[in-house]
**Student:** 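Below is the structure I would like to discuss, written out as structure tokens.
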Amino acid sequence: MADLGKAEELLFRRTGLDQGRVQAIVDDSLQGTDDGELFLEYRQLESFAWDDGRLKAATFDSSQGFGLRAVVGESTGYAHASELSEDAMKRAASAVASVKAGHGGKYSDAPRGTNRSMYSDASPLDDMTFTDKVALLQKIDGYARNKDPRVRQVSASLAASWQVVEIVRAGGMRVADIRPLMRIAVSIEVEQNGRIESGFSGGGGRYGYDHYFDPKNWQAEVDEALRVALVNLDSVPAPAGEMPVVLGSGWCGVLLHEAVGHGLEGDFNRKKTSAFSGLMGQRVASKGVTVVDDGTLHAHRGSLTVDDEGTPTQRNVLIEDGILTGYMQDRMNSRLMGQQPTGNGRRQDFASMPMPRMTNTFMLGGSEDPRNILESVKDGIYAVGFGGGQVDITSGKFVFSCTEAYKIENGKITVPIKGATLIGNGPDALTKITAIGNDMKLDKGIGTCGKNGQSVPTIVGQPTLRIDGLTVGGTATARAAAKGIDGSAGGMR
């Protein structure tokens, strides 16, 4: 199993639980079910927030707990507690027992094993001292203010977590994992002639703070946030209407994540509430469009040795050359759909039930030179960065606001624009992709995906794309388009 010895030793040493007695509780509580597991978790989290020239907040928290799940058909019994004790687990077992009343299920086969271990037991929280972390934030503030006299406000934050989990199944299978995670974020506000604009940059992944203690790395984030803020100082109101849109590589994949990715998760397709339901094997995108979800990419935010049900993560091709070839699955939805789990069963924490979720989701690159793609547009916009957005999984309709965008006039990037929103339909937009760049890249590690009230870290990515016939509008247009769009199914921030 995935680094079982090291992770399990860390978890049981911290909690004092007896492995044999815990296994007996799981075996008894899951007898007669179709599936289920005990999810054990220990987590440490810390964060530092710098604003207005001083440290505004510094927090540290450690938590532990378990979630016990019993699955019978489409029904689930779930109980959780922050008390890691045998008595609490026995009470949880009594609570979930009602779901199997009168049912004699055949317990599902366990996930396949893996000898892979993606991360060591080193905690990113221990990389640097408290003083060093505060000093880094102070350096970020001073560097930004000295870069340009127009800087009026600097906000920066550091955050890290260290999570140890173990999944215990009936019959004695146990799988454990260690998961580090860190993130840095920089926001800069500038003022010129009474006009105030802002820019943001950040990054992170499943590694320690040491990456960002290298000056060239944290300075790059400051430089990028300042660049975006200064660009926005010169922006003009966005045009409106239907036009070609060129999406930049990397973070612009958030549109793909929202407008397409959530619609390829197994639960929406099993319930036939996705715009992609019933389309397996059919063309859903332009030729050349290949979309992948891959939880095995080393050190990225969405990468895990195993998912939160114990299934090893893998590379899943969802759309291949425009043809729908797969969904992202957890164990319950895959069983009910007669498919195989894909390592996408994820949960926010021990108090949450797993469901199909994305990991690192991106579109593969094509053969076009990005410069040629831009030169092919006579009148359109070039969108480089996105902020918030809404999407309706059933219809595929989306509304996204741009944080950095430019006019394209006669094949040239001209003035930056402000207040641009992209309005369209995800499945429809896939068929309007007319050029795919050869510059695919992943975002720098800033994304957190929301679904049904749960948040998990993810990565997005794509090459430069040309999409014809998207509607571009300003703020008022976006408000009108957003009416009736239910964004509760998913969100990226």
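The structure displayed is predicted, hence computed values, not measured ones.
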**Student:** Could you pull out the closest heavy-atom pair between Met332 and Glu74, with the gap in Å?
**Tutor:** SD-O, 4.3 Å
**Student:** Looking at Arg69 and Glu37, is any side-chain nitrogen of the basic one under 4.0 Å from a carboxylate oxygen of the acidic one?
**Tutor:** yes
**Student:** Looking at CZ of Phe386 and OG1 of Thr421, how far apart are the two atoms once the value is rounded to the nearest 0.5 Å?
**Tutor:** 10.0 Å
**Student:** Which atom names give the shortest non-hydrogen contact between Gln462 and Cys252, and what distance separates them?
**Tutor:** OE1-O, 3.5 Å
**Student:** Nearest 0.5 Å, please: how far is CG in Asp234 from NZ in Lys418?
**Tutor:** 12.0 Å
**Student:** Go through the steps for Ser352 and Asp349 under the test side-chain hydrogen bond (donor to acceptor under 3.5 Å, both in side chains), then give the verdict.
**Tutor:** CA-CA 6 Å; Ser352 308; Asp349 52 32; 3.0 Å; yes
**Student:** If you count the non-hydrogen atoms of other residues, nucleotides and ligands that lie under 6.0 Å from NZ in Lys441, is the total more than 12?
**Tutor:** no
**Student:** For Ser277 and Lys271, which I'm curious about, is there any donor-acceptor pair between the side chains at under 3.5 Å?
**Tutor:** no
**Student:** For the pair Arg169 and Glu309, find out whether any cationic side-chain nitrogen is under 4.0 Å from an anionic carboxylate oxygen.
**Tutor:** no
**Student:** Side chains of Glu41 and Gln64: donor-acceptor distance under 3.5 Å anywhere?
**Tutor:** no
**Student:** Scan Thr325, Thr290, Leu264 and name whichever one has a side chain to side chain contact (heavy atoms under 4.5 Å, CB included) with Ile319.
**Tutor:** Leu264
**Student:** Do Asn316 and Asn344 have side-chain atoms, one donor and one acceptor, less than 3.5 Å apart?
**Tutor:** yes
**Student:** Looking only at side-chain N and O atoms, does Ser376 offer a donor or acceptor that is under 3.5 Å from a partner on Arg466?
**Tutor:** yes
**Student:** If I take atom CD1 from residue Ile167 and atom CG from residue Leu38, how far apart are they, to the nearest 0.5 angstrom?
**Tutor:** 9.5 Å
**Student:** Hey, are Arg270 and Glu265 close enough for a salt bridge, meaning a charged N less than 4.0 Å from a carboxylate O?
**Tutor:** no
**Student:** Are Ser47 and Thr59 linked by a side-chain donor-acceptor pair shorter than 3.5 Å?
**Tutor:** yes
**Student:** Under 3.5 Å, is there a donor-acceptor pair between the side chain of Arg331 and the main chain of Gly310?
**Tutor:** no
**Student:** Does some side-chain heavy atom of Asn360 sit less than 4.5 Å from a side-chain heavy atom of Thr458?
**Tutor:** no
**Student:** Find the distance between CZ (Arg347) and CE (Met353) and round it off to the nearest 0.5 Å.
**Tutor:** 9.5 Å
**Student:** Rounded to the nearest 0.5 Å, what separates atom OG in Ser249 from atom CZ in Phe362?
**Tutor:** 14.0 Å
**Student:** Does Tyr327 have any ring-ring contact (aromatic ring centres under 6.0 Å, His included) partners at least two apart in sequence or in another chain, and if so, which?
**Tutor:** none
**Student:** Ala275 and Gly396: which non-hydrogen atoms are nearest, and at how many Å?
**Tutor:** CB-N, 4.4 Å
**Student:** Find the distance between CH2 (Trp162) and CD (Glu46) and round it off to the nearest 0.5 Å.
**Tutor:** 13.0 Å
**Student:** Tell me yes or no: between the side chains of Asp392 and Ser395, is some donor less than 3.5 Å from an acceptor?
**Tutor:** yes
**Student:** In terms of side-chain heavy atoms, does Arg179 have a donor or acceptor partner in Thr305 at a distance below 3.5 Å?
**Tutor:** no
**Student:** With no hydrogens and no angle check, just 3.5 Å: does a side-chain donor-acceptor pair link Ser201 and Glu221?
**Tutor:** yes
**Student:** Under a 4.0 Å N-O cut-off, is there an ion pair linking Arg346 with Asp308?
**Tutor:** no
**Student:** Can you confirm whether the side chains of Asn438 and Ser367 place a donor and an acceptor under 3.5 Å from each other?
**Tutor:** no
**Student:** Over all heavy atoms of both residues, which pair between Pro124 and Gly208 is shortest? Give the atoms and the distance, please.
**Tutor:** CB-CA, 3.7 Å
**Student:** Would you tell me whether Glu409 and Thr414 have side-chain atoms, one donor and one acceptor, within less than 3.5 Å of each other?
**Tutor:** yes
**Student:** With Asp439, which residues qualify under salt bridge (charged side-chain N to carboxylate O under 4.0 Å, His left out), at least two apart?
**Tutor:** none
**Student:** Are the side chain of Asp443 and the backbone of Ile446 linked by a donor-acceptor contact shorter than 3.5 Å?
**Tutor:** yes
**Student:** Of the non-hydrogen atoms in Trp251 and Val460, which two are nearest, and what is the gap between them?
**Tutor:** CE3-CG2, 3.7 Å
**Student:** Any side-chain heavy atom of His257 sitting closer than 4.5 Å to one from Cys449?
**Tutor:** yes
**Student:** Mind listing the closest non-hydrogen atom pair of Ser286 and Ile433 along with its distance?
**Tutor:** OG-O, 2.9 Å
